[in-house]
Structures are given as structure tokens and as C-alpha cells.
Amino acid sequence: MADKRQRIVIVGGGTAGWMTAATLAWAFAGRLADIVLIESEEIGTVGVGEATVPHIRYFNQRLGIDEADFVRRTKATFKLGIEFRDWGRIGDSYIHPFGDFGHDIAGLPFHHHWLNAARAGTTPSLEACSLPIVAARANRFAPPSADPRAVGSTFSYAYQFDASLYAAYLRDYSERRGVSRVEGRVTAVDRGDAGVAAVRLADGRRIKGDLFVDCSGFRGLLIEGALEAGYEDWSHWLPCDAAWAVPCSNTGPLTPYTRATAREAGCQWRIPLQHRTGNGHVFSTRFTDPDVARARLLDTLEGEALAEPRMLRFRTGRRRSQWIGNTVAIGLSAGFLEPLESTSIHLIQLAIGKLVELFPADGAVDPVDIAEYNRAMALEYERVRDFLILHYTATERDDTPFWRHVRTMELPPSLVEKMAEFQDRGIVAAYREGMFLPASWLAVYYGQRIVPQRPHPLVAAVPPEQSAAHVAAVAAACRRAADAMPGHADHIAAIGAAA
């Protein structure tokens, strides 16, 4: 029996809406589904999700997007990681890299041997043993090597781009593949036996669908407004609830990394693009006044402000159910944590991939598929939540009420267990599901001064001098490989992607 042809209605554009439309068009348009996206020019988009994690490369590749064309049209830069300043202590700086620290030796992760080498005396820093960190610090970039034996294969990379240009890029991609865009503002939702039957626009039009995707942002017009999914509030763990955002002119070299600087009641981001630098100050209104946060942001810009700052308000957490009946929430309508680790676009991508995997191709939504989707997405949000909380609670700072609060607050049991395993013997428990790999956790642990209390028993018997020789060799290989890379801006120009 042939699969039933369905009508998919996406409510909302922006990054979430057009990423969803592009993927569904690539997967189903013209075969299993007709796709309609409704958006209104009256309603602005958040548009500050400009930094990403390496998974975005595979999203673009699956759609057949040419990297150089994408970089040029979105004025993108390349990203090797995130620099964190002033998190463990004021004056500290470390980079969370998109790559490994060294390589396993005799079945043990490299960082155990690095700790053992330190017993022998002076040894290269752990950062010196990560190629993406060494390259990022030198403002160099080249794609990873295809040779798995080379140190140049030990990292990945992401992008920093103009979110509004990326949405426009995907809109063009989607419309060329049959997606219909409807200009209009949704003012009402008609319920039906399956969940949502139709949405009504301000001009009186009624648009019916078989499957609805809610990309309406924080409002959650369908998932919350009509279906009352409920919200799991995590602001007691992630107390930042507002952000100022402002672009400024570029100054200095084009850095291949994002920066997050801890501030008195939150943190400030810096995202370098080809044509400007994106900046923002995420803060907690419980611990500082919005006007104070705005002034702090403007006072610390590296270049001239190119617009008036605009403020966003949010509540960290997620919908209790992200798929109800025939309606799936993707993007800010599904939940929001905060921009600290550039996870928002990844969670969009993850949700889209899960929807494609569980797509009701015969027109009938299976409750088993809905349950699996909600289970998987809830777990992904919780894993990201724990990683973000780690940044705030793993600190020695007590200089403001905000930092005294986050360093002493009660933590989720899942994070307590994970931290305890590392603090005991340096074990980073690997998740079967979850976006952050052990190297990510190691970067934050060591970068914010959490070290194991005792060595792993299998490395304790290794002579420190032997471990030190391994560490020195890795650090030297990373330095040679970084020195052989072109400058970041030079690579962009060389591939013909300069905006």
C-alpha cells in the first residue's frame, strides 16, 4: 500500500522553521508530503543563535550544501571551540575544543598520563596537547586531515554565521524544493481529534494540515497555547533569564572561536563573523538590574556598536512533552537552556532528525513513536542542562551574590554522580546518548580547576618520566600541525568564501 500523502504545516520561520522545512523538503517533498511554512514579517525572530557545534556540518552536508557557498552567503567564519574567561577564577582562560586531548595510551585516556607526567615536574599544559586549541590560540585554521593516523585528524569544527542570513539561505533552498511560504500571523488554533486541525490567520484564512510543527518561538502557539504541554522550569539551576544582544564592528584578527566571559551576574558572548562581531550579555534579573547589564555590555565592546542593544527574556527549561498528537515543537517552542555552549541550533537539528526518523509516513501517528521522541528529547535536554550547570557550579568565585549562589546550589543527582566519578579517579562516564563527549567534560573540569583526587590505578605504576615523554611528543606534534595551517582569514579567502 502506498504511503499517504500528507500536508505538513510549519508555524514560524527563523532558523528553526527553515531548518525544519529544508530537511523535510529534502526527505519528503514531492513524494510523501506537501510542506507549508507560515511566517509573518510583523513578528521578528530571535536571530542570535550565531555560534554552532560541529554537528551543523553534517546537517549541511546531508542537504548537499556547498561549504564555500554557505560560508560566503552567511558571512560565516570557522569555529574550533569556545574560550572561557574568568570562570574558575578571575583571570583564568581555557578553551573547550572540538577535538581530543592527545590519544589513548595503553587503553587509558590521555589525561591520566598527563596527570602522571606532572608528577615528574614541568610538563606541557593540557591545552598544548589539543590541536584545535593550539590552532585557535594562533588564529589558524584548516580542515581536519583524512588520515586517521595524523594528529590533524583529531579535531572537528563548526561555524559562526549570521542567523538571519542562514534562515534566508535555507528558505531559498526549501522553496526551490517545493515548500510553500505563507505570509501571515496566526491568531487562532482549531483543535481536532488528532490534536490540531487547522490554524487561522489574521486575514481570516484557515490552513489545515495533517502534521503541524510548532516553530513559533518562546510563545509555543501550538504546543503550549493550544495543547497545554506544560513547562519544566530549570531556572533554579540556570538562573539567567535575560540577555542583551548587540553587533559591533570587527577589530583585530578574525578568531576561529567563540568567547564566553563570566560577568558579575552571568556571562558575555563574543562571536566573530566576517562582517561584524555578535555580542551579548546573558544575566539573571534576580542578581542584577537590566540597565546595569546593558551598560556592562556596551562598556566592554571591542568595536563600535552597530545597532541599539535589544533585550530578550526567557525561562530556562523545556516542555514536558515536545510531541503531542499531530504536533511537534522544535526550537524555542520546545525549550531553551541558554547560549553558553552554542547548543540551541544543535537541539533544533536533533529534533528534526528524530522527527524524520519517526515520521508518520502512513498518516497515522503511533503513540509509541511519540513516546520515544519525547523520551529521547527530554534526555538530550537534561544532558545539555547538566553540562551547562557544570560551568557555573565548578568555580572558586565568591565575589558576587550570583557566584556565591551558583557555587553552593543543590545540583541535579545526575550531575552530582558524574562529577563524583571524575573527582575520585578522573573517570568521565560516557553517555550512550548526549551531545558532549568526554573531551568536552575534561576541558571544563581542568579549565575550572577540578582535578582527580587520586590517579587511576593502571597509570599509578607507570614511571612519570615515561608519561612525560608521551605528553611532550603529543604537544610537539600539535604545535607542528598548527604551524602548518594557514591563518583563519587566509583559509576563508583561499576557498573563495570571503563575503
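Everything numeric in this text was worked out from a predicted model, so none of it was measured.
Using cut-offs of 30° and 60° on the angle between ring planes, the pair Phe336 and Phe218 is perpendicular.
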Evaluate the side chain to side chain contact (heavy atoms under 4.5 Å, CB included) criterion for residues Phe84 and Val444: first the C-alpha distance (whole Å), next the side-chain angles of each, then the deciding distance (0.1 Å), finally the verdict.
CA-CA 9 Å; Phe84 290 90; Val444 181; 5.5 Å; no
What's the verdict on salt bridge (charged side-chain N to carboxylate O under 4.0 Å, His left out) for Glu338 and Arg385, showing C-alpha distance, side-chain angles and the deciding distance?
CA-CA 9 Å; Glu338 67 159 77; Arg385 176 203 67 191; over 6 Å; no
Kindly indicate, with the supporting measurements, whether the criterion side chain to side chain contact (heavy atoms under 4.5 Å, CB included) is fulfilled by Ile10 and Ile38.
CA-CA 6 Å; Ile10 302 168; Ile38 306 169; over 6 Å; no
Derivation of the side chain to side chain contact (heavy atoms under 4.5 Å, CB included) call for Ile65 and Leu170
CA-CA 10 Å; Ile65 290 174; Leu170 293 179; 4.0 Å; yes
Please report the C-alpha distance between Leu227 and Thr327 in whole Å, then the side-chain angles of each, then the deciding distance to 0.1 Å, and finally whether the side chain to side chain contact (heavy atoms under 4.5 Å, CB included) criterion is met.
CA-CA 9 Å; Leu227 301 177; Thr327 303; 3.6 Å; yes
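In this structure, NE2 on His96 lies 12.0 Å from CG on Leu80, to the nearest 0.5 angstrom. Here the straight-line distance linking atom NE2 of His113 with atom CD1 of Ile105 works out to 4.5 Å at 0.5 Å rounding. Rounding to the nearest 0.5 angstrom, the gap separating the CG atom in Leu126 from the CG atom in Leu442 is 7.0 Å. Atom CG of Asp100 is separated from atom SG of Cys129 by 12.0 Å, given to the nearest 0.5 angstrom. Atoms OG1 and CD, on Thr52 and Gln349 in that order, are 9.0 Å from each other to the nearest 0.5 Å. Here Ser321 contributes atom OG and Ile223 contributes atom CD1; the two are 7.0 Å apart, rounded to the nearest 0.5 Å.
Checked against the 6.0 Å centroid threshold, Phe98 and Phe155 do not count as a close aromatic pair. The aromatic ring centroids of Phe161 and Tyr169 lie 6.0 Å or more from each other. In this structure, Phe141 has its ring center closer than 6.0 angstrom to the ring center of His491. Ring pair Tyr392/Trp237: centre-to-centre distance not below 6.0 Å. In this structure, Tyr157 has its ring center closer than 6.0 angstrom to the ring center of Phe78.
With no hydrogens or angles considered, a side-chain donor-acceptor pair links Thr255 and Arg270 at under 3.5 Å. With 3.5 Å as the limit, one finds no donor-acceptor pair spanning the side chains of Thr77 and Gln274. Side chain to side chain, Tyr446 and Glu127 fail the donor-acceptor criterion of an N or O pair below 3.5 Å. No side-chain donor-acceptor contact under 3.5 Å links Thr343 and Arg383. Side chain to side chain, Thr277 and Asn250 meet the donor-acceptor criterion of an N or O pair below 3.5 Å. No side-chain donor from either of Asp386 and Tyr381 sits under 3.5 Å from a side-chain acceptor of the other. Side chains of Glu341 and His346: no donor on one and acceptor on the other come within 3.5 Å. A donor atom on one side chain and an acceptor atom on the other are not found under 3.5 Å apart for Thr395 and Gln448.
The side-chain heavy atoms of Phe387 and Trp441, taken from C-beta on, include a pair separated by under 4.5 Å. Side-chain contact between Ile56 and Tyr166 is present, with at least one heavy-atom pair separated by less than 4.5 Å. The shortest distance between side-chain heavy atoms of Arg62 and Thr23 falls below 4.5 Å. For the pair Phe402/Pro239, a side-chain contact is recorded, criterion being any heavy-atom separation below 4.5 Å from C-beta on. Side-chain contact between Met311 and His281 is absent, with no heavy atoms from C-beta onward closer than 4.5 Å. Looking only at side-chain heavy atoms (C-beta outward), His470 and Val474 stay at 4.5 Å or farther from each other. With contacts defined as side-chain heavy-atom distances shorter than 4.5 Å, the pair Ile82/Tyr257 does not qualify. Taking the side chain as every heavy atom from C-beta outward, Leu355 and Ile330 approach each other to under 4.5 Å.
The backbone N or O of Thr154 sits nowhere less than 3.5 Å from a side-chain atom of His103 that would complete a donor-acceptor pair. Checking side-chain atoms of Trp114 against main-chain N and O of Ala468 turns up no donor-acceptor pair under 3.5 Å. A distance-only check finds no donor-acceptor pair linking the side chain of Arg72 to the backbone of Ala498 [under 3.5 Å]. Under a 3.5 Å cut-off, the side chain of Asp162 and the backbone N or O of Ser164 do form a donor-acceptor pair. Side chain of Asn374 to backbone of Gln322: a donor-acceptor contact under 3.5 angstrom is found. With Thr393 contributing its side chain and Ile389 its backbone, the two residues share no donor-acceptor pair below 3.5 Å. Checked by atom type and distance alone, the side chain of Trp87 pairs as donor or acceptor with a backbone atom of Ala260 at under 3.5 Å. Trp244 places a side-chain N or O within 3.5 Å of a backbone atom of Pro290 that can act as its donor or acceptor partner. No side-chain donor-acceptor contact under 3.5 Å links Ser333 to the backbone of Gly217. Although no hydrogens or angles enter the test, the distance criterion places no donor-acceptor pair under 3.5 Å between the side chain of Ser216 and the main chain of Arg219.
Each of Thr261, Asp86, Asn279, Thr300 was checked for a side-chain hydrogen bond (donor to acceptor under 3.5 Å, both in side chains) with Gln268, and the lone residue meeting it is Thr300.
More than 12 heavy-atom neighbours from other residues, nucleotides or ligands sit within 6.0 angstrom of CD on Glu421.
Salt bridge Arg310/Glu308: absent, no basic N to carboxylate O contact under 4.0 Å. A salt bridge is defined here as a Lys NZ or Arg NE, NH1 or NH2 lying under 4.0 Å from an Asp or Glu carboxylate O, and Glu224 with Arg320 fails to meet this definition. Taking the charged nitrogens against the carboxylate oxygens, Arg137 and Glu83 do have a contact shorter than 4.0 Å, which makes a salt bridge. A salt bridge does not link Asp241 with Arg286: every distance from a Lys NZ or Arg NE/NH1/NH2 to an Asp or Glu carboxylate oxygen is 4.0 Å or more. For Glu302 and Arg259, the salt-bridge test passes: some basic side-chain N is under 4.0 Å from an acidic carboxylate O. Taking a cutoff of 4.0 Å between a charged side-chain nitrogen and a carboxylate oxygen, Glu396 and Arg407 do not qualify as a salt bridge. With respect to Asp490 and Arg140, no salt bridge is recorded, no charged nitrogen being found less than 4.0 Å from a carboxylate O. Salt bridge present: Asp233 and Arg315 bring a charged side-chain N and a carboxylate O closer than 4.0 Å. A salt bridge links Glu264 to Arg296: at least one charged side-chain nitrogen sits closer than 4.0 Å to a carboxylate oxygen.
Closest non-hydrogen pair, Thr285 versus Ala242, comes out as CG2-CB, 4.1 Å. Taking every heavy atom of both residues into account, Pro272 and Gln160 meet most closely at O-NE2, 3.5 Å. In terms of heavy atoms, Pro144 sits closest to Ser156 at CG-CA, 4.4 Å.
At least one test fails for Arg57 against the ring of Tyr159: distance under 6.0 Å to the centre or angle within 45° of the axis.
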